[in-house]
Number of protein chains: 2
Amino acid sequence: MTERISDAEHAVMEVLWKRAPLTATEVADRVADEKDWSLQTVKTLLSRLAAKAVVGTERDGRRFLYSPLVERDAYLTGVSRNFVDRLFGGKVMPLVAHLAEADELSAEDIREIEELLRELKK
Amino acid sequence: MTERISDAEHAVMEVLWKRAPLTATEVADRVADEKDWSLQTVKTLLSRLAAKAVVGTERDGRRFLYSPLVERDAYLTGVSRNFVDRLFGGKVMPLVAHLAEADELSAEDIREIEELLRELKK
DNA sequence: CGTCAGTGACTACACCTGTAGTTTAATCGA
DNA sequence: TCGATTAAACTACAGGTGTAGTCACTGACG
């Protein structure tokens, strides 16, 4: 069971998944594109992530370099799994069906998914 | 924007979506199949849901009857939307692709989804 | 009529989250 | 060398969440 990552923490992780290692200041700069957070806020989030061993720290003189310890893919698999389990009884079909019925799927989406499934069957 | 429903509250909602109206005790009994919560806990959750106007209350003598005010379908659409937006940039394909790659889709799942999509295109 | 079981209302409380401010220690530039 | 800068560490604090406990009332039962 991978440690829980909160929404705010997730935004920080996205930055680190894109590029790492980074210093706290660098992370804050990049996160600033999305969120209007102070440097301190980002540092707090990094500390919490480090405390949970979701990011690793490496000393670089007076500062730290932060890197993800959890892979984005593994994380996404975990949360998706959890999501589908909790809300759709663990079955992906009802989820897709639901999105379809709610008109959340474009013709484009449908085409892409079909293609993907065709690939999978090989 | 529908009011936020927490995880614990969601378990209570599932019971009410299955059958309503119910008294607090009845809800607690049914929830007990899933969660090991005391009656008081369930009552607290019902109060919070009522305060958020996610369930409605109807007086029945000395007790209340609780019913959902939000439809399950609408709720699922909302959270699914939100989930896909936050984690997969709003595209459903990457989510399905991800679950597929992570071997979370059985051959059976694939067949069902294909069938569903075929239906959709009509 | 008095007691008790059931019910909603109110209170509790620790932990998580979002969002920082403050303190302290190290470093770099003049 | 000394002050200005910068970074990490520690502290803060309100609101949400999980998980109840307690209180006060009321109707049913003996």
Side-chain angles (χ1 to χ4, degrees), chain A residues 1-16 20-67 75 79 82-83 86-87, chain B residues 1-16 20-67 75 78-79 82 86-87:
Chain A
M1 75 218 95
T2 309
E3 281 283 1
R4 165 102 200 131
I5 295 176
S6 81
D7 279 12
E9 288 164 359
H10 179 237
V12 168
M13 289 306 287
E14 285 295 343
V15 166
L16 286 175
L22 294 177
T23 67
T25 308
E26 286 166 345
V27 172
D29 282 352
R30 286 152 197 259
V31 150
D33 291 347
E34 287 289 315
K35 309 283 186 170
D36 193 21
W37 290 336
S38 82
L39 173 62
Q40 293 314 317
T41 298
V42 174
K43 283 185 176 179
T44 299
L45 295 172
L46 282 169
S47 300
R48 289 177 183 172
L49 288 166
K52 284 187 287 203
V54 172
V55 308
T57 59
E58 174 195 355
R59 192 133 226 155
D60 172 39
R62 54 176 162 157
R63 52 242 174 109
F64 280 122
L65 295 176
Y66 298 87
S67 317
Y75 173 72
V79 289
N82 189 274
F83 178 78
R86 277 202 317 107
L87 274 82
Chain B
M1 75 219 92
T2 309
E3 280 285 0
R4 165 101 200 130
I5 296 175
S6 80
D7 279 12
E9 287 164 358
H10 179 237
V12 168
M13 289 306 287
E14 285 295 344
V15 166
L16 286 175
L22 293 177
T23 67
T25 308
E26 286 165 345
V27 172
D29 282 353
R30 285 154 199 257
V31 149
D33 291 347
E34 286 290 316
K35 310 283 185 168
D36 193 22
W37 289 337
S38 81
L39 173 61
Q40 294 312 319
T41 297
V42 173
K43 283 184 177 178
T44 298
L45 295 172
L46 282 169
S47 299
R48 288 178 184 172
L49 288 166
K52 284 188 285 202
V54 172
V55 309
T57 57
E58 176 195 354
R59 193 133 226 154
D60 172 39
R62 55 175 160 156
R63 33 228 199 128
F64 281 121
L65 294 177
Y66 298 88
S67 316
Y75 173 71
V79 290
N82 189 274
R86 276 202 319 106
L87 274 82

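Residue numbers begin at 1 in each chain, while the letters A, B, ... track the order of the sequences.
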Quickly work out the [X] [atom1] to [N] [atom2] distance and round it to whole Å.
X       : N      : atom1 : atom2 : result
A/Lys35 : C/dA20 : NZ    : P     : 12 Å
B/Leu39 : C/dG8  : CG    : P     : 8 Å
B/Lys43 : C/dA5  : NZ    : P     : 15 Å
A/Ile5  : C/dC16 : CD1   : P     : 15 Å
B/Tyr66 : C/dT7  : OH    : P     : 10 Å
B/Leu49 : C/dG8  : CG    : P     : 14 Å
B/Glu58 : C/dT7  : CD    : P     : 16 Å
B/Leu46 : C/dC10 : CG    : P     : 16 Å

Starting at the 5' end of DNA chain C and moving along, which residue's nearest nucleotide shows up first, A/Asp36 or A/Arg4?
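The residue closer to the strand's 5' end, by nearest nucleotide, is A/Arg4.
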Are B/Glu9 and B/Arg4 close enough for a salt bridge, meaning some N to O gap below 4.0 Å?
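No, B/Glu9 and B/Arg4 are not salt-bridged.
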Please confirm whether the shortest side-chain N or O distance from A/Thr25 to OP1 or OP2 of D/dA7 is below 4.0 Å.
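So the side-chain polar atoms of A/Thr25 do come within 4.0 Å of the phosphate oxygens OP1 or OP2 of D/dA7, strictly under.
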Which residue lies toward the 5' end of DNA chain D, B/Arg62 or B/Arg48, if each is placed at its nearest nucleotide?
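Here B/Arg48 is the residue nearer the 5' end.
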Start at the 5' end of DNA chain D and walk down; is the nucleotide closest to B/Lys52 or to B/Thr41 reached first?
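That would be B/Lys52.
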Of the nucleotides [options], which one has an atom closest to the side chain of [X]?
X       : options               : value
A/Gln40 : C/dG21, C/dT7, C/dT19 : C/dG21
B/Asp7  : C/dT17, D/dG18, D/dA8 : D/dG18
B/Leu45 : D/dA8, D/dA12, D/dT19 : D/dT19

Would you state whether a donor and an acceptor, one from the side chain of A/Ser38 and one from the base of C/dA20, lie under 3.5 Å apart?
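In this structure, the two groups form no donor-acceptor pair.
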Less than 4.5 Å apart, any side-chain heavy atom of A/Glu34 and any of A/Glu14?
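A/Glu34 does not reach A/Glu14 side chain to side chain.
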Measure the shortest side-chain to side-chain distance between A/Glu58 and A/Tyr66 over non-hydrogen atoms and say whether it is less than 4.5 angstrom.
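No; the side chains remain at least 4.5 Å from each other.
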If every non-hydrogen atom of A/Val12 is compared with every non-hydrogen atom of A/Val31, which pair is closest and at what distance?
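It is CA-CG2, 4.1 Å.
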Closest non-hydrogen atom pair, B/Lys43 against B/Ala24
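Nearest heavy atoms, B/Lys43 then B/Ala24: CG-CB, 3.9 Å.
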Reckon A/Thr44 touches a base, only the sugar-phosphate, or nothing at all at heavy-atom distances under 4.0 Å?
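The residue A/Thr44 makes base contact.
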